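Read the structure below first, then the notes.
Worth saying up front: this structure is predicted, and the values here are computed from it rather than measured. Chain letters run A, B, ... following the sequence lines, proteins first and then strands; every chain starts at 1.
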Amino acid sequence: MNARVFVNLKPGVLDPAAKAVQGGLHSMGFGEVQSLRLGKVIDLKLEDRPDAEERLKAMCEKLLANTVIESYRIEIGD
Amino acid sequence: MAFDVAVLTFPGSNCDADLRWAVNNTPELSARAVWHKETDLGAPDAVLLPGGFSYGDYLRCGAIARFSPIMNAVMEFANSGGPVLGICNGFQVLTEAGLLPGALLSNRDQKFICETVVLGKEGKDTAFTKGLPETLRIPIAHHDGNFFADQDTLDRLEGEGQVLFRYLNAQGERQSGAAPNGSVHDIAGICNAAGNVVGMMPHPERASDPALGSADGRALFSALQGFLEAK
């Protein structure tokens, strides 16, 4: 099975890189951009197992995200 | 007999040799290098985590080092009350391990900052900070030293005297925003609730000899000596 994990800084946590990218878009004339966050996408290929979702959650909590500053979302594919 | 100070080395650590030098330059302290693949710490009197990098700092700084084989023993040592100091990357590893609250984000201006800063010493007495002068000149050298914690954690850190070092302005005065990296409350170093685990972004080992421009960092190692002697 395949899974995709999205990791992003929580709202309210300073994201200077995202701010720089947003500033770049603004200076190019894309003034409509009101906010922008730069996150990570992590693609995983996994052995099928009944507790896959639970274990993915553990992976996120333990390593893939730092929940002090980041939130995560898991998408499970085929 | 000299006190045994374990200095860890992760793949990418580059301040470990300087740190061992600073330890060995302190009376009664003897540094012992411990490779991250070890599982046994031995019986150290203190454990130091050096600056530099670890595992390429992929994902987040310190995130993978936190799962190094040696870290179980470090957690055990810390949880039993042993004195632990993490400097720079070592601080990042300790926050990732949950031994210290908060996290270190990228610097506000997205720049690697290498400069000597003026630090204000405050907070509770710890093995590494008891008897330190009120201000110290110690260099920082990092890209991800922007300390962050949520409001509840900040309130607790401030209320319980867990903020040990704060960036001051060049005149050595408290000034909101003095932190060159954007750290909340200008925090440069903290300790855990018990006070035995300390983390700081500035590098005391890089200010441990007058030839380096400042010897103010020596005070931390002398404090450790005093703490161990008094035990």
Closest approach of [X] to [Y] (non-hydrogen atoms, all atoms of both residues):
{"X": "N66(A)", "Y": "E96(B)", "answer": "ND2-OE2, 3.3 Å"}
{"X": "A103(B)", "Y": "V68(A)", "answer": "CB-CG1, 4.1 Å"}
{"X": "P16(A)", "Y": "S106(B)", "answer": "CG-O, 4.1 Å"}

Are more than 12 heavy atoms, taken from residues, nucleotides or ligands other than [X], located less than 6.0 Å from that residue's [atom1] atom?
{"X": "E54(A)", "atom1": "CD", "answer": "no"}
{"X": "K130(B)", "atom1": "NZ", "answer": "no"}
{"X": "F112(B)", "atom1": "CZ", "answer": "yes"}
{"X": "E61(A)", "atom1": "CD", "answer": "yes"}
{"X": "E53(A)", "atom1": "CD", "answer": "no"}
{"X": "R55(A)", "atom1": "CZ", "answer": "no"}

>> Heavy-atom pairs under 4.5 Å with chain A - which of R60(B), Q110(B), R66(B), R108(B) has more of them than the others?
In response: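 With the most close heavy-atom pairs to chain A, the winner is R60(B).
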
Chain B contact via [X] - side chain, backbone, both or neither, heavy atoms under 4.5 Å:
{"X": "L64(A)", "answer": "both"}
{"X": "V13(A)", "answer": "both"}
{"X": "K10(A)", "answer": "neither"}

> When rounded to the nearest 0.5 angstrom, what distance separates CG in L63(A) from CZ in F67(B)?
Replying inline: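 Going from CG on L63(A) over to CZ on F67(B), the span is 5.5 Å.
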
> Looking at residues at least two apart in the chain, or sitting in another chain, which of them share a side chain to side chain contact (heavy atoms under 4.5 Å, CB included) with A58(A)?
Replying inline: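 Side chain to side chain contact (heavy atoms under 4.5 Å, CB included) check on A58(A) returns nothing, list empty.
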
> For N107(B), is it the side chain, the backbone, both or neither that has a heavy atom under 4.5 Å from a heavy atom of chain A?
Replying inline: backbone

>> Would L9(A) and L105(B) count as a side-chain contact (heavy atoms from CB on, under 4.5 Å) here? Give the steps.
In response: CA-CA 10 Å; L9(A) 286 172; L105(B) 300 166; 4.1 Å; yes

